[in-house]
Number of protein chains: 2
Amino acid sequence: MSETLFVVKIGGNVIDSPDALHAFLKDFAMVKGHKILIHGGGKIATKIGDQLGVQSKYINGRRITDDDTIDIVTMVYGGLVNKKIVAQLQALQTNAIGLTGADANMIPATKRPLKLINGESVDFGWVGDVDHSRFESQNLKLLIGAGFTPVFAPLTHDGQGHILNTNADTIASTLAVGLSSLYHVRLIYCFEKKGVLEDVNNDDSVIRNINKEKYQQLLAENKLFEGILPKIDNAFDAINAGVKEVLIGHAADLVKNTTEATEGTLITR
Amino acid sequence: MSETLFVVKIGGNVIDSPDALHAFLKDFAMVKGHKILIHGGGKIATKIGDQLGVQSKYINGRRITDDDTIDIVTMVYGGLVNKKIVAQLQALQTNAIGLTGADANMIPATKRPLKLINGESVDFGWVGDVDHSRFESQNLKLLIGAGFTPVFAPLTHDGQGHILNTNADTIASTLAVGLSSLYHVRLIYCFEKKGVLEDVNNDDSVIRNINKEKYQQLLAENKLFEGILPKIDNAFDAINAGVKEVLIGHAADLVKNTTEATEGTLITR
């Protein structure tokens with residue numbers, strides 16, 4: 001049987017609070033076995049962009065990554081956030097190595113082509129779309145096998161010399177899927193709730209297990225909060241592509257969520 | 001006989017010019033065999049610091065790395081400069097992996113203690129002093145052996161969760177010395193002259209070879225430009241600690257300076 005690998009994604013709610021981040025990293029360091037961390041960017045890139053006089057541009061609610069913005073996210077995600085996490089994990093005796101998708105060609109991507117939105121042709125700028133099929137696992141396997149803990153910033157590259165901005169959830173699922181033939185992968189999305197809630201107003205109504213049958217049933221009963229549906233759909237995409245389990249849960253429950261006694265929602269085939 | 005490893009350091013004069021940097025990276029990609037690149041920061045950290053309202057502080061001509069400054073150099077050196085170089089090398093079919101001394105615990109350092117300067121106790125802030133003897137080569141050897149080309153930003157860490165600012169020349173000599181028992185190391189310092197000049201006003205007066213005897217002779221004849229003496233002393237320190245050869249030359253001569261037909265100054269025992 002193959003070894004277990006935890007692919008853990010944290011978002012802005014953890015990254016933006018030094019105390020929450022430090023508490024999370026202490027837990028992450030305690031997780032036994034192979035693991036990878038993927039972090040988002042949080043609000044600090046926007047804050048530094050504002051200070052530098054670079055305004056975030058949006059078209060139809062989607063952020064545009066222009067020349068100035070890609071420099072800022074490269075600095076903040078690939079430098080400041082990533083290296084602070086690495087230094088803290090080193091202090092916690094976890095041999096972290098900070099990476100972007102450009103390093104060792106870990107995650108090749110394609111600059112997003114122009115898209116027609118509401119009849120308008122939109123250029124998203126330096127945004128990278130990842131294709132699972134182009135991911136090659138051997139370099140990452142080598143690092144994991146050597147005992148390193150990879151820590152990924154949400155950046156990829158186009159193979160033509162440019163860094164690209166890529167959604168951290170997508171990076172996490174790409175790595176989880178790409179490594180699923182080598183490891184028993186549990187993909188863990190840390191978010192601000194304890195899990196998928198049966199009643200969105202009741203934090204204790206976590207649905208502990210969802211498989212495809214249960215998902216159909218929940219949908220038929222119209223029980224799920226609409227905002228959670230894309231997350232569950234993404235989870236089943238990863239599972240259909242080889243990931244054994246996806247866990248959606250709170251960052252503070254990480255240690256339990258890497259055991260059998262999960263606190264969050266465990267999604268399986 | 002052990003394999004050759006080129007440890008190449010570039011400074012601000014290359015990094016601050018996108019054209020010069022791109023030309024240099026094309027040459028660097030052509031260098032055959034094992035290689036490591038170490039880059040300085042250039043003027044961009046100062047420029048971004050100014051834009052963010054963080055002023056560089058100096059005491060007796062030495063830069064002080066306070067809390068804001070370490071964040072800026074972590075962003076700029078570890079993020080912007082490092083990842084742009086990595087992405088460009090990837091486009092040149094060189095499997096670069098960007099690192100700081102914190103990643104994989106590559107370069108442990110110690111926060112510089114307070115120093116008495118002109119009777120005043122000076123705190124340099126988040127500056128890291130590297131001790132050759134604490135460098136462990138096995139992690140870096142693993143990456144080099146796997147065919148990666150490590151690209152180092154001039155940052156280290158204190159093992160207690162903090163990134164430290166460290167001189168790029170020092171990082172280069174630390175890596176060169178630390179790997180000298182495993183490889184035949186040529187340490188190449190790229191600077192703005194073609195090499196050590198016999199006549200500082202004549203760019204064609206490069207001294208092609210310096211060994212200890214020749215160095216004593218040049219010193220006795222009072223022929224050397226004073227500013228070059230610390231560079232040559234550092235070179236002999238590296239050679240005394242196991243590095244086979246140190247080359248001081250112009251970035252544009254890199255390819256020749258990795259062969260026998262050097263254009264710069266080759267310093268040997």
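What you see is a predicted model, and the numbers here were worked out from it, not measured in a lab. In what follows, chains are A, B, ... by sequence order, proteins preceding strands, each numbered from 1.
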Could you pull out the closest heavy-atom pair between [X] and [Y], with the gap in Å?
{"X": "A:G98", "Y": "B:D103", "value": "N-OD1, 2.7 Å"}
{"X": "B:G161", "Y": "A:A91", "value": "N-CB, 3.4 Å"}
{"X": "A:L142", "Y": "B:A146", "value": "CD2-CB, 3.4 Å"}
{"X": "A:M75", "Y": "B:I48", "value": "SD-CD1, 3.6 Å"}
{"X": "A:I163", "Y": "B:A87", "value": "CD1-CB, 3.9 Å"}
{"X": "A:L143", "Y": "B:L143", "value": "CD2-CD2, 3.5 Å"}

Next on the checklist: Please identify, among B:G79, B:G53, B:G159, the residue contributing the most non-hydrogen atom pairs under 4.5 Å to chain A.
Outcome noted: B:G79
Checklist entry - What distance do A:T74 atom OG1 and B:N82 atom CG have between them, rounded to the nearest 0.5 Å? => result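 Going from OG1 on A:T74 over to CG on B:N82, the span is 11.0 Å.
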Item to check | Interatomic distance, A:I70 atom CD1 to B:L80 atom CG [nearest 0.5 angstrom] | outcome: 10.0 Å
So what's closer than 4.5 Å to chain B heavy atoms on [X]: side chain, backbone, both or neither?
{"X": "A:H157", "value": "side chain"}
{"X": "A:L92", "value": "neither"}
{"X": "A:A96", "value": "backbone"}
{"X": "A:Q51", "value": "both"}

Checklist entry - Of B:K83, B:K47, B:K84, which is the lone residue that meets salt bridge (Lys or Arg N to Asp or Glu O under 4.0 Å) with A:D71? => result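 By the salt bridge (Lys or Arg N to Asp or Glu O under 4.0 Å) criterion, A:D71 pairs with just one of B:K83, B:K47, B:K84: B:K84.
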Count the heavy-atom pairs under 4.5 Å between each of [options] and chain B, then report the option with the highest count.
{"options": "A:V86, A:L155, A:L25", "answer": "A:V86"}
{"options": "A:T94, A:T100, A:N139", "answer": "A:N139"}
{"options": "A:D158, A:N95, A:V151", "answer": "A:N95"}

